Amino acid sequence: MNIAMIVEKRQQQWVELEKLCDALELSGKDRKTGAAGVSRFATLYRAACADLALADAYQLPPATVTYLHRLVARAHNRLYRAYRIDPTTWADTLLRKAPQQIYADPCVRVASLLFFGLFTLATILGANDQWFPDFVPQLVGQEQINQLESMYEKPVTGSLDHYVTMAGFYIMHNTGIGLKCFSFGILIIPCLFEIAFNAVSLGAMFGYMSRESSTGGDNFLHFVTAHGPFELTAIALAGGAGLRFGIGLFHTKGYTRKDSLRESASRAVPIMAASAALFFLAAFTEGFVSPSPLPYVFKACWAIASAGLISFYFVVLGFPNDQYDSQRHDGEADFDPLADDDKDPIHAA
Amino acid sequence: MTTANALDTTIAVVTPENIAFEYQLAGPFRRLPAYLIDVATRWAVILLVVFTLMMIGLLSNVLSMGSFLVATGLVVYFLISWFYGTFFETYFNGRTVGKWACGLRVICVDGRPIDGTRAVIRNLVRVADVAPFAALSSFVDQASPIFWIPTGMVGFVSVICTKRMQRLGDLAAGTMVVVDEKSWRLPVTKIEDPRVPALASYIPGDYRVTRSMARTLAVYCERRAYLTPARRREIAMHLTTPLIEKFEFRADVDPDLLMVALYHATFLSDLRLEPAALGSLVGASPLLRDVKRTESNGQGPAISLKEKEMPVVAAIVDETAESIPEVAEVQVEIESASHPANEVSDR
């Protein structure tokens, strides 16, 4: 046997495959190579696969085998490409999977209780300036309070440019908090800390601004009322998704730890998607309704309507039904519909 | 063939073509430059957007346009800083700018390409991976700027502790980062020493190289360029000492040369088809019986034989160390010259 000759003979095709890999680098399509090039690429790829499979029988030198491994890996990456985000599944995820998951998930309850409980507590403590006058200054610092008050000095009506900038900042800041809660979920404790910290500081600020003595309190309420329900719920949901995620590391349900983490991550995704949708609605509200000079009544009605919408979403859409469960189990064994289609060319012929 | 898994950074993947190939995993020190390039790119894009918005603001000069532009800028900043990686990995087949520059790619652990959901998960969890100090900054307001730099210790520990070198985001998304370089060279070991085919022609025709021996020979010949002559001999001796006895060669045949000759006989030549071109080495024999024969012969011809033979044997024994070309491994670069399209079916 002469390896040098075999390698030399096969090398021409390997080189050709490499060149096609280069041509198909970015798009997966290439104008010059065209359809013929793609099918040629697939043929060459399979040939290289066969070479690799036979490398042992040929007793190819290890360096050549390493080369083949890389060539095949590279061609594999050109042939099988990333699935893009498919918008057609979004409706199903958002309207069916997410509410079911949220309703049934204890992690969401824990995160919501933690967030809204601490938020309410901090609001009550912050609002009561007779019993706890020092609570807010000690918690967030006098400097921050002054800053907060100066931010809301101007009335919402008539100072659009000021509040539009603030809306942009809060979209960035609060959505960032939500995403952080989700990300830190994998470490659990930072996630709980993020939820608690933001609940307490937001609650304290809300409480402080609702005091009679604070300046700009009315403007503050005028600005935050409309988007409050969406945004606060979204943060709590993101925290819940994060917790769901991290709990998978410990509550493995018989999976290996890694698989359990992966499985719980895929369960957290619909919750996070719902949270993202709420953040989007909050951002929309924050950008177009909150800084606008619309009357306070309209904004209050918007808040009530959005709270009602969220309740409807969680309770009505989320109420457990058997259909969802059975569909979920069917989905696991999802066969390609072409496989038993009547139009199968082999059987039709 | 069942061999022990190499202590190496490769991971096997079985494809739909039902073959298993190996990916080379990317460790932390390949991924760090890629990440830094990504950070730089992200900031460059953000600065570009900010600059563009500023120019629009200055040129348009419409009242209260400025605040809208600031708000837009903040939202764009938010989107870029959180979804840069997700966007690139989804739409460029698992590669960001940094990964492209460093020859890396993200794929699923089962070898399939990454999909949108996984890209979202692994890029969101990056925040946890670059912890801890980025997290501390949220409650230490007066911390000096050095503590705002994310250390990435969580991700680093996760990468070095997992088999597939996954950070937490990779674990959660079920992905791994592999090396996917743009071009490689096909290493071919070439042997140009004329004594090698000469010695190879004396290897008994009935000697069959076993599989593990063939592998060993190939690895040895790829590696010997990096070894000193003394070290080569020391390593080769373990294998060649029993072989020299078996082949009935002289005991002073250079072990390194014998290994190369075996490699030549196994991989490069087909002795049964073509006789080795011996050239000036005709008559030089490493065989023990040839030595005995020359010794038992009369003095006259023996001297001439010896004179003819000795330098050669000496060369085989001693000079080899220096005279075999040091770099026997020739990296044959894949040329980009166009080849006529071969029919694949001719294999």
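Since the model is a prediction, treat every value here as computed from it, not as a measurement. Naming: A, B, ... by sequence-line order, numbering from 1 per chain. All heavy atoms count here, side chains included; hydrogens, waters and symmetry mates do not.
With a 4.5 Å cut-off on non-hydrogen atoms, Ala173(B) touches chain A through its backbone but not through its side chain. For Val106(B), no part lies under 4.5 angstrom from a heavy atom of chain A. Contacts between Ser264(A) and chain B at a heavy-atom distance below 4.5 Å are absent for every atom of the residue. For Leu79(B), no part lies under 4.5 angstrom from a heavy atom of chain A.
Within the 4.5 Å cutoff, no side-chain heavy atoms of Phe169(A) are placed close to those of Val75(B). Looking only at side-chain heavy atoms (C-beta outward), Trp82(B) and Thr175(A) stay at 4.5 Å or farther from each other. Inter-residue side-chain proximity for Leu187(A) and Val154(B) is flagged as met; some heavy-atom pair is nearer than 4.5 Å. In this structure the side chain of Tyr23(B) never reaches within 4.5 angstrom of the side chain of Arg74(A), judged on heavy atoms.
Chain A forms the most heavy-atom pairs under 4.5 Å with one residue out of Leu168(B), Leu217(B), Leu74(B), Thr72(B), and that residue is Leu74(B). Counting heavy-atom pairs under 4.5 Å between each of Gly73(B), Ala119(B), Gly174(B) and chain A puts Gly174(B) at the top.
Atom CZ of Phe83(B) has more than 12 neighbouring heavy atoms from other residues, nucleotides or ligands inside a 6.0 Å radius.
Leu171(B) contributes atom CG, which lies 12.0 Å from atom CZ of Arg257(A) (distance to the nearest 0.5 angstrom). With values rounded to the nearest 0.5 angstrom, Phe78(B) atom CZ is found 5.0 Å from Leu179(A) atom CG. Going from atom OG of Ser158(B) over to atom CD1 of Ile186(A) covers 8.0 Å, rounded to the nearest 0.5 Å. Here OG1 of Thr175(B) is found 9.0 Å from CZ of Arg262(A). Values are rounded to the nearest 0.5 Å. The NE2 atom of His69(A) lies 12.0 Å from the CD atom of Gln24(B); values are rounded to the nearest 0.5 Å.
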Derivation and outcome, side-chain contact (heavy atoms from CB on, under 4.5 Å), residues Ile121(B) and Phe245(A): CA-CA 10 Å; Ile121(B) 293 176; Phe245(A) 194 18; 4.1 Å; yes

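The closest donor-acceptor contact from the side chain of Ser183(A) to the backbone of Leu124(B) lies under 3.5 Å.
Minimum interatomic distance between Lys163(B) and Lys258(A) (heavy atoms only, all atoms of both residues): N-NZ, 4.5 Å.
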